[in-house]
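Since the structure comes first, as structure tokens, the remarks are kept for the end.
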Number of protein chains: 2
Amino acid sequence: MNHNTKDTHNLFSQYLSEQNLRMTTQRELILKTFCKQKKHVTAEQLYEVLKKVDPTIGHATVYRTMKLLTEAGIARELNFGEGSVRYEPDTSKEHHDHLVCVKCGENIEFLDEEIENLQKRVVTKYGYELVDHSLNLYGICPKCQKS
Amino acid sequence: MNHNTKDTHNLFSQYLSEQNLRMTTQRELILKTFCKQKKHVTAEQLYEVLKKVDPTIGHATVYRTMKLLTEAGIARELNFGEGSVRYEPDTSKEHHDHLVCVKCGENIEFLDEEIENLQKRVVTKYGYELVDHSLNLYGICPKCQKS
DNA sequence: TTGATATTGATAATGAGTTTCATTCGCTGT
DNA sequence: ACAGCGAATGAAACTCATTATCAATATCAA
Ligand SMILES: [Mn+2]
Ligand SMILES: [Mn+2]
Ligand SMILES: [Zn+2]
Ligand SMILES: [Zn+2]
């Protein structure tokens with residue numbers, strides 16, 4: 001289940017005060033707008049959406065805030081090798097990996113417990129301590145296979 | 001086993017002629033130098049090495065040639081989210097994934113057949129046609145755990 | 001050897017993301 | 001409500017990786 005807006009707002013407030021940072025109207029707006037997005041967005045895309053609500057909002061503020069949301073565990077960075085980072089809500093309850101169509105960009109979220117476990121096995125085999133992982137599968141979606 | 005220099009040179013020559021492109025002294029030098037590298041290099045790092053051999057070589061030529069080598073199936077692009085792309089020899093005989101230390105950057109190459117197979121299962125489950133994949137595990141190496 | 005055309009290197013341009021800095025805002029204590 | 005201080009903001013300049021432009025040069029089939 002997803003965090004609702006109030007959940008993430010509380011989470012963010014708490015994170016900010018822990019770090020002696022402040023909740024601002026811009027940060028509230030960015031959080032709210034980010035949580036509404038249905039797709040994985042880049043900071044630039046989110047900035048475009050935000051400008052319609054608050055035309056005075058700054059470019060840098062969006063980047064800065066997405067970084068904060070990531071540190072707070074509310075957003076997660078995705079790198080599909082496109083040249084820019086995408087963000088998705090990160091509720092830590094629902095980790096998943098991605099299957100991306102290289103033609104149209106459509107992407108499916110999946111979670112394979114077996115793969116997750118095997119990853120841990122690899123990491124411990126080499127004496128490493130697992131911090132994170134990134135698994136992206138690239139393919140051609142059924143729709144694009146027909147054209 | 002690795003391609004040797006002559007192998008890759010032939011592969012590259014063939015690819016170039018198929019595309020109506022030309023083998024040049026710069027391309028030969030870049031290929032040779034790239035194949036000698038022991039670690040995954042960025043285009044910039046390779047450029048630094050190349051300048052010592054041929055100080056007149058151009059920055060853009062290195063980038064252009066690494067792109068060609070990738071298309072020819074001789075190099076493979078790696079993205080560890082560092083901001084720049086790294087390259088490794090791609091012999092297709094020896095695919096592997098990476099386990100990277102987030103502290104010191106040391107990285108281990110591994111191949112887990114079970115994971116590879118499970119990936120295929122995921123892809124076919126959703127009706128996709130697998131094109132590529134990228135699996136990076138990030139952790140802390142034994143050495144860095146002690147400090 | 002020649003000519004068509006691909007390639008090169010210098011340089012400018014791009015695009016994502018970050019830094020700087022003067023101004024404004026948020027919060028805590030009064 | 002008010003003051004004061006440090007945090008946050010937006011504009012603009014900047015960085016860094018990579019790509020585009022273009023005049024000069026090199027390759028190779030004929
Ligand atoms: Mn996702
Ligand atoms: Mn490797
Ligand atoms: Zn598609
Ligand atoms: Zn390490």
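Chain A is the first sequence line, chain B the second, and so forth, proteins listed ahead of strands; every chain is numbered from 1.
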### Query
Mind checking whether A/Tyr87 and A/Leu78 have side chains closer than 4.5 Å, heavy atoms only?
no
### Message
Which residues in residues 62-69 of chain B have a heavy atom closer than 4.0 Å to any atom of DNA chain C?
### Response
B/Arg64
### Message
Whole angstroms only, please: what is the CG-P distance between B/Asn20 and D/dT27?
### Response
17 Å
### Task
Would you please test B/Arg121 and A/Glu114 for salt bridge (Lys or Arg N to Asp or Glu O under 4.0 Å) and show each step?
CA-CA 11 Å; B/Arg121 198 181 65 182; A/Glu114 289 186 66; 3.2 Å; yes
### Message
Both A/Tyr47 and B/Ala60 contact DNA chain D. Taking the nearest nucleotide for each, which residue is further toward the 5' end?
### Response
A/Tyr47
### Message
Just checking B/His96 against B/Phe110, ring centres under 6.0 Å apart?
### Response
no
### Task
Write down the distance between NZ (A/Lys51) and P (D/dA11), rounded to a whole number of angstrom.
10 Å
### Message
For a quick check under 3.5 Å, do A/His40 and A/Glu77 share a side-chain donor-acceptor pair by atom type?
### Response
no
#### Entry: Nearest-Å distance for atom pair CG/P, residues B/Asn79 and D/dA17
13 Å
### Task
Indicate whether OP1 or OP2 belonging to C/dG26 is found under 4.0 Å from a side-chain N or O atom of A/Arg27.
no
### Task
Estimate the overall bend of the helix from C/dT1-D/dA30 to C/dT30-D/dA1 from the end axes over five pairs each, rounded to 10 degrees.
40°
### Query
Quick one: which of A/Leu111, A/Asp112, A/Ile108 gives a side chain to side chain contact (heavy atoms under 4.5 Å, CB included) with B/Val122?
A/Asp112
### Query
B/Glu77 has an atom CD; how far is it from atom C1' of D/dT18, in whole Å?
11 Å
### Task
Could you tell me whether the side chain of B/Thr33 and the main chain of B/Ile30 form a donor-acceptor pair under 3.5 Å?
no
### Task
Using a cut-off of strictly less than 4.0 Å, decide whether B/Thr24 has a side-chain nitrogen or oxygen near OP1 or OP2 of C/dA6.
no
### Query
How long is the line joining CZ of A/Arg22 and P of C/dT24, in whole Å?
16 Å
## Note on the structure
Atom NE2 of A/His59 and atom C1' of C/dT18 are separated, to the nearest Å, by 10 Å
### Message
Categorize A/Thr42 for me: base, sugar-phosphate, or nothing, with a 4.0 angstrom heavy-atom threshold over every strand shown.
### Response
nothing
### Task
With ring pair (Phe, Tyr, Trp, His ring centres under 6.0 Å) as the test, would you mind laying out the steps for A/His133 and A/His95 before giving the verdict?
CA-CA 11 Å; A/His133 76 264; A/His95 161 73; 4.7 Å; yes
#### Entry: Euclidean distance, atom CD of residue B/Gln45 to atom C1' of D/dA17 [Å, nearest integer]
13 Å
### Value in whole Å for how far the C1' atom of C/dA10 lies from CD1 of B/Ile57
14 Å
### Query
Any side-chain donor paired with an acceptor under 3.5 Å for B/Gln145 and A/Tyr128?
no
### Query
From D/dA8, C/dT8, C/dG17, pick the nucleotide closest to the side chain of A/Val85?
C/dG17
### Message
Can you tell me if B/Gln26 touches the phosphate of C/dG9, counting only side-chain N or O atoms and a distance under 4.0 Å to OP1 or OP2?
### Response
yes
### Query
Just one of B/Glu71, B/Met66, B/Arg64 clears the side chain to side chain contact (heavy atoms under 4.5 Å, CB included) bar with B/Leu68, so which one?
B/Glu71
